[in-house]
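The shown structure was predicted, so the numbers you read here are calculated from the model rather than taken from an experiment. Both counts, for ligands and for their atoms, begin at 1 and track the order of listing. Below, all heavy atoms of this structure are taken into account, side chains as well, without hydrogens, waters or symmetry copies.
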Amino acid sequence: MRTPVMAGNWKMFKTAAQTRSYFEAFRPLVASTKGREIVICPPYLCVPAAVESAQGTSIEIGGQNVHWAAEGAYTGEVSAPMLLDAGCRWVIIGHSERRQYFHETDEWVRKRTEAALEAGLKPIVCVGETLAEREEGRTVEVLERQFQGGLHGLKPEGFAHVVVAYEPVWAIGTGRTATPEMAEDAHQAIRTLAQLHYGEAAAQALRILYGGSVKPDNAAALMAKSDIDGVLVGGASLDAKGFATIVNA
Ligand code: PGA
């Protein structure tokens, strides 16, 4: 049985004070949630407030990116041991906004993933096609390239801690969600890739999240699909009540 992961990606939103008031509202709404892992990924500067606010709950905190070196002269970067030290247990890697605006490559995704695993963080590795790629019928080819480039050659015991998020770029922040069927097809393609690279047992254990305009009113239909093992939520995770509805969908 794969335990679903319900993750929120706050992107570049909220201050430390807003983080604290969010958790005050959010905590009671998920206090009795069972059988789901809840993860919130705030901006780096809000991590301490989030970690403190989540103490004594099952909510875990993650970073939104991570550098592959443990330390060094990399102005503006944050390392995996630093995230861990701050109380993070997870980290998002290769988000399409990083790929699109910051020229993230599959090679960097692999290096970040290795560094996260090495430090003991659970990586949420994002993959997904653009609208043009989907319309050209290249979705599976893109997923293959991203999987091969970003997730190939990890140690099997490392891969066991990886979570993949399928996030079609055309669905992110657009209000245009993939239908549960479209998402399920892509998730099955990703599971097949996992099977080819890491074997049947690893593929069956792999949690694959869907992300892209997940909202309180479409989360249940997505979660009903057998290959959708959770969600990665951007915009709708910023509202405590709305995200709690999604977590409990
Ligand atoms: P969205 O973002 O839910 O706002 O579409 C999802 C994501 O980017 O992870």
Run the numbers for me: atoms of ligand 1, each under 4.0 Å from some heavy atom of [X], listed by number.
| X | answer |
| --- | --- |
| Gly212 | 5 (O) |
| Gly173 | 1 (P), 4 (O), 5 (O) |
| His95 | 7 (C), 8 (O), 9 (O) |
| Asn9 | 9 (O) |

Check your understanding: How about Glu167 and His95: does a side-chain donor come under 3.5 Å of a side-chain acceptor?
Key ->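 Glu167 vs His95: donor-acceptor pair found between side chains.
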Test your reading of the structure: does [X] have an N or O sitting under 3.5 Å from an N or O of ligand 1?
| X | answer |
| --- | --- |
| Ser213 | yes |
| Lys215 | no |
| Gly235 | yes |
| Ala236 | no |

Look at [atom] and say which protein heavy atom is nearest, naming residue and atom and giving the distance to 0.1 Å.
| atom | value |
| --- | --- |
| atom 6 (C) of ligand 1 | Gly234 N, 3.4 Å |
| atom 2 (O) of ligand 1 | Lys11 NZ, 3.2 Å |
| atom 9 (O) of ligand 1 | Glu167 OE2, 2.7 Å |

Do [X] and [Y] sit within salt-bridge range, that is, some charged N less than 4.0 Å from a carboxylate O?
| X | Y | result |
| --- | --- | --- |
| Glu114 | Lys155 | no |
| Glu141 | Arg145 | no |
| Arg110 | Glu107 | yes |

Check your understanding: Should the proximity of Ile172 to ligand 1, defined as any heavy atom under 4.0 Å, be assigned to the side chain, the backbone, both, or neither?
Key ->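 Under 4.0 Å from ligand 1, Ile172 contributes backbone and side-chain atoms.
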Review point. Hey, is Ala171 touching ligand 1 through its side chain, its backbone, both or neither, going by heavy atoms under 4.0 Å?
Key: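 Contact part for Ala171 vs ligand 1: backbone (N, CA, C, O).
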Review point. Does ligand 1 have any atom sitting under 4.0 Å from a heavy atom of Gly211?
Key: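 Gly211: no contact with ligand 1 (<4.0 Å).
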Review point. Around atom CZ of Phe13, are there more than 12 heavy atoms of other residues, nucleotides or ligands at under 6.0 Å?
Key: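 Open: at most 12 neighbouring heavy atoms sit under 6.0 Å from CZ of Phe13.
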**Study point:** Within 6.0 Å of CD in Glu118, more than 12 heavy atoms from elsewhere
**Key:**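 Atom CD in Glu118 is not packed in, count stays at 12 or less.
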Review point. Between Tyr210 and Tyr166, what is the ring plane arrangement, given parallel below 30°, perpendicular above 60°, and tilted in between?
Key: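 Correct class here is tilted.
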**Study point:** Identified side chain to side chain donor-acceptor pair (under 3.5 Å) counterpart of Asp106 within the set Arg99, His152, Gln148
**Key:**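 Going through Arg99, His152, Gln148 one by one, the side chain to side chain donor-acceptor pair (under 3.5 Å) with Asp106 is satisfied by Arg99 alone.
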Review point. Side chains of Met6 and Leu232: closer than 4.5 Å at any heavy-atom pair?
Key: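 No, side chains not in contact.
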